[in-house]
There are 4 protein chains.
Amino acid sequence: MTLRYGMVGGGPGAFIGPVHRMAAALDGEWRLCAGAFSADAAKSRQAGAQLGLRPDRAYGSWREMVEAETTLPPDERIHAVVIVTPNHLHHPVARAFMERGIHVVCDKPLAVTVEEADDLCRLTASTGLVFAVTYNYCGYPLVKEARARVRGGAIGHVRKVVVEYSQGWLAELLEAEGHKQAEWRADPGRGGPSAVLGDIGSHAHHIMRYVTGLEVQGLFADLGTVVAGRAAHDDAVVLLELDGGVRGVLMASQIATGERNHLRLRVYGSEGGLDWNQEEPNRLRLLRPDGSVEVVHRAAGTRAPMAAAATRLPGGHPEGFLEAFANLYSEVARAVRRRDCEGGPTVHDPATGGDKAHEPDFPTVRDGARGIHFIDAAIRSQDADAWIEAGYALP
Amino acid sequence: MTLRYGMVGGGPGAFIGPVHRMAAALDGEWRLCAGAFSADAAKSRQAGAQLGLRPDRAYGSWREMVEAETTLPPDERIHAVVIVTPNHLHHPVARAFMERGIHVVCDKPLAVTVEEADDLCRLTASTGLVFAVTYNYCGYPLVKEARARVRGGAIGHVRKVVVEYSQGWLAELLEAEGHKQAEWRADPGRGGPSAVLGDIGSHAHHIMRYVTGLEVQGLFADLGTVVAGRAAHDDAVVLLELDGGVRGVLMASQIATGERNHLRLRVYGSEGGLDWNQEEPNRLRLLRPDGSVEVVHRAAGTRAPMAAAATRLPGGHPEGFLEAFANLYSEVARAVRRRDCEGGPTVHDPATGGDKAHEPDFPTVRDGARGIHFIDAAIRSQDADAWIEAGYALP
Amino acid sequence: MTLRYGMVGGGPGAFIGPVHRMAAALDGEWRLCAGAFSADAAKSRQAGAQLGLRPDRAYGSWREMVEAETTLPPDERIHAVVIVTPNHLHHPVARAFMERGIHVVCDKPLAVTVEEADDLCRLTASTGLVFAVTYNYCGYPLVKEARARVRGGAIGHVRKVVVEYSQGWLAELLEAEGHKQAEWRADPGRGGPSAVLGDIGSHAHHIMRYVTGLEVQGLFADLGTVVAGRAAHDDAVVLLELDGGVRGVLMASQIATGERNHLRLRVYGSEGGLDWNQEEPNRLRLLRPDGSVEVVHRAAGTRAPMAAAATRLPGGHPEGFLEAFANLYSEVARAVRRRDCEGGPTVHDPATGGDKAHEPDFPTVRDGARGIHFIDAAIRSQDADAWIEAGYALP
Amino acid sequence: MTLRYGMVGGGPGAFIGPVHRMAAALDGEWRLCAGAFSADAAKSRQAGAQLGLRPDRAYGSWREMVEAETTLPPDERIHAVVIVTPNHLHHPVARAFMERGIHVVCDKPLAVTVEEADDLCRLTASTGLVFAVTYNYCGYPLVKEARARVRGGAIGHVRKVVVEYSQGWLAELLEAEGHKQAEWRADPGRGGPSAVLGDIGSHAHHIMRYVTGLEVQGLFADLGTVVAGRAAHDDAVVLLELDGGVRGVLMASQIATGERNHLRLRVYGSEGGLDWNQEEPNRLRLLRPDGSVEVVHRAAGTRAPMAAAATRLPGGHPEGFLEAFANLYSEVARAVRRRDCEGGPTVHDPATGGDKAHEPDFPTVRDGARGIHFIDAAIRSQDADAWIEAGYALP
């Protein structure tokens, strides 16, 4: 059974909306059936038409959508809403749909404030709905392989983590030139309190947690604004104290001129290291104590079942960003079916085949909330110019 | 409007069938509506059910399918058939569907004999139908960039071409172990007269032609069978004389143990060189006479409009094999719409947006036929142990 | 004329002593004529014999050596002393030889305390002797190219610097296993107050300064000891405020298991970036705002005269660590000749030939002193758990 | 004891002469004591003076040199002559010095004709002198590691070899512009019958033999001249039949615009593959059947004692072309000492220390002769346009 979803945001000029649509389409498990794509009702309806929606489900606003979908018969209404608006709308949209029993796939960062994030955690717990946050990089098969290796002890005890996400696209003051993506990100009211951390630092924070299982217990942040005229942080370095005193560094920059999407994770343990880079996602470098390196390629040398289950093609036929993103949608589909369809069969059909034995594997509202708390702690550290306790208990 | 397609072949255990389905799904332009997935009628119908087909369109055989689809009303019947069977069935299946006015997307190699290939050329010309051959590697944006650069004179006059496709998966006698993919490929009756050339050499031949525009006028082939017990070639080197006396080498191997899908094209001209490798498809190396190298990344430093039109994501967010494959489907959709729908709008929706100004860009039946003639010439050279004239006029 | 040098330290089991000897030999400009290679007089004399020294110049101690050399006629005595002892001896040895008018080549770090460092600065100034500190990585031609590009404005205004030096060799407690190199480095009395900063952090600090010309004005240090039982820092991250508020990060680790000598410098400016990595020293990546990358190879695409003058081989014939190290010796030779020989001709004979127009280019005692002050500031920051003013005026 | 050598050729403007001098100097085992550097007597003497030779040993011609050196007392005269002239002089110079009992280090190719090559083989055998041919690439530690791995069975039975040496420096008709290096190479009278094979193809041929131990038994050559106006081959592809029917391809090009010194060897066996590239000489890629890759770095992950003995620096401190070249000189020194000094001790002093247990490891006159026979067979194949038997017995 194909699942139905509606989208809020992602209209003309958006970057991430089309990404979600392509990712959802790839495996044939999701079908776009409704949407409110723009704050402008006419534009929203037009976008829906172009995307082939039934006219009555190309809504003028998300409020209209949530009302109308609720009235549809169960076999027509959407199973899930995908939220790809500017950040400040994540919370109200998610809350509204959840209140009507609709599952949520929300882009990162989860929210703008810790209160919003905690509220969504509580609401998810109380409703039992599926809530995914698209920290999409954990969808890469070799990130799953890295996780399995680290957690399986392949590099011994983790001692040091270095994670960075460097971009150069904000090396100029694009927000002053009418660049839509830059505008809302650099506006704290819409993008949140720290643009660089919300936009990309939160990805770095999540991938580090996903692979190592370690949480941030303390941090010292150095947040900066490099480009003159900008109202938001565009460069950050955060020193981390992780569980058990493991040392870490997180770097995020949007003014690293010439960098594209350089998300790189390195983990050093007592018996080895590993190194993965999003721009070459089909290989994972495993560093051995003697200085030699084992390069595992996707579907060529991997051992982790979850990595195998997340791949569609033989080794040497590159998979990329969309395939990783689609893996989240596939896992969310499994979770939704488990809850709504009593574990009905999936139509997932990768070349590598095989049933998936693992629990649905996607970032949840709790992962999203940890990201918001991390940003909050970083800002408190920056304000205090001091190391900050950053451990917390999710609600 | 979403186009409808049916599939012949691509059932359980197949590699390329699911690839075609994912590629067709990615941009939302094609919908699978019918299929004959296996020579075993029961398996075929079961596969169709798993793929969500209407039971009456999950056919027991391709002959049944071609008859039944013809009786459906125009707004239900398939626009195109996708042929992903073993090679010896390409010709009869394609011919049957074309005779009913159905467009064809056929996997490579186009056919087993030059007579079959020429027949399909003639039939395409006389029917005016769209006939695509999925030399999918030309769908990569940076291959299009390479083509534009070479043809625009960026490296001066082409002097030397080195193209290779190395794999290692047939380093063992898999066909003796019940490996389905290996079995039919290594059987000349089903795979054609030279397995390694048909399977991967034809890709190398096409990408070389696509980028440089040069045709093979003469060749000397050294075809070999390395693995004991094998009935087909698994390693080939072909020396090429291209248009204007340009020198070339084509290497194809399936016994290069440890290689995955190492398709690499190098073109050297009087004023520069270029180097592209399918396993790192998001970058193109441009070699300058002074020995420095310009590395162009997909969507980062490209200049060719066709490269830009073939990309969905910003630079640094890797695209891969499926996206390249999907580009062929998107281009075929444009061609089908031009013919059947009088140029109706597409639903193509990449992040980079923009209309496509160029003529539909996909390998045609004529490209497929050139591949078959190339293999034929190589075998004649091998038999004669001599350089062979290899130029020919397509019918 | 070949210059004569003596060596203090660098006997059996040493790493850096043989490096200095090979580097000094490479261009034929220096000849080893004397030495006190070990604190053990017998071992020292034996080492001298093995190295082909005249028995009377294979000394039992450096004190003996300084006395004896002074009594030799000018055309026999050494022009320079090379100091490759553990760090705590750098100052007394250098002082003693300088007091007799002998030039100094001293390994880094220059000294153990800021007082020692300042003393050597003053002594150098008052004697007019040549004093080189072997921050050898600045000897790489492409580091010189990077310097010329940055200083020539190729990347616009510098905005961000990321420099790291990661090693894994101290991932185990080697100093407890009788590993000589580890022993003295991990002993604050002999290695200095912060092993990781003295050993490799000082290299990172220097290469950053050499390329960008920026000095550290403020810093926040996070120095750690990861391996249980160790008496010294083995992992460090230092946040930097450079001249003009430029942001920087310096990372140094000796517990990054699997890393060999990963010294990497990245500089991001308003109009581009650059990236150089010591383990692939023959290429320099220049990042353009559009995300494409220009890869300059040594002697292939370089523009800087100083880079050309520092290379011996055509592009594509790799040069390495020793060649870079030898470049320092060649430059020191020029400086010594200028002072002692009134600019006499050199016998430097690289394939690329050509006179060197630039001032002798090697790290001086002042560069060495800045390294010691940097370490001192880092320790003060660590102790204060606060950002520290780190600007200072050399004596 | 330092060994004494004289040099013939390698004067002003030469490329390879200074390389030999630096390589010989690096380990302190050889000292330049005599030379005839140019066909022009005045230039020769001037070059000798600049290199610091005693005036009476800076000879006006090699004939003068051979006479004069013979008259010197044994503890002054040269142990070996280094021949770095254009190719046509290799034979007469080598013969003359050998007739006086002087060892020979000769640049490749050994000679111009097979008769010359065979003559030098016979003369070496009859005199018992040491005769080295500087196929320098086999001096790289990781080439020795590759050899040890292949011969130790790490990749199973060798099945396929691909070796190439691509350069771009002759993409223009430099010989018409007064480029000295290009002039004699492109002149068959001085460079030999096939410039591209003599200059670089012979290196490719040797490294393939060195690593695999396989000899060429048959070949088909396609030799070409790409640049208009050139009198010599500048591009070659040679199909190889190796011992036991192993398939091979050797490519050599000097018109691959933008390539620097791209010498790459790939060997595929029944159980793995390996890949080494001269431009990244500090790493060796070992390909596993599952498609993962083990990257061994020099001094980091190597196992072969001969690789360890050929390295001076720890892993991650790159060694390059000169160090590899110096390894040949070090091995030749061992051979000379064994013969002349009854196995006297060496002064070799690398950081890695350790005695060398293996037989002196350098290419001999017999390796050089095989190179000449290979070129001869390639030309005969080209002339016959046919596969040629290429096995032969050395005299």
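A, B, ... follow the sequence lines: proteins, then strands. Residue 1 opens every chain.
From A/N282, atom CG reaches atom CZ of B/F321 across 12.5 Å, with rounding to the nearest 0.5 Å.
Taking every heavy atom of both residues into account, B/L26 and A/M22 meet most closely at O-CG, 3.7 Å. When all heavy atoms of B/G315 and A/R260 are compared, the closest pair comes out as O-CB, 3.4 Å.
Side chain of A/E319 to backbone of B/P318: no donor-acceptor contact under 3.5 angstrom is found. No donor-acceptor pair under 3.5 Å is formed between the side chain of A/E323 and the backbone N or O of B/G320.
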B/R312 and A/L322: side-chain contact (heavy atoms from CB on, under 4.5 Å), yes or no, with the steps?
CA-CA 9 Å; B/R312 293 162 185 77; A/L322 288 174; 4.1 Å; yes

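With a 6.0 Å radius and a threshold of 12 heavy atoms from other residues, nucleotides or ligands, A/Q181 has its CD atom above the threshold.
Classified by interplanar angle (parallel below 30°, tilted 30° to 60°, perpendicular above 60°), the ring pair A/H317/B/Y137 is tilted.
Counting heavy-atom pairs closer than 4.5 Å to chain A, the top-ranked of the candidates B/E259, B/E280, B/H297, B/R283 is B/H297.
Contacts of B/H262 with chain A are absent, with no heavy-atom separation under 4.5 Å from either backbone or side chain.
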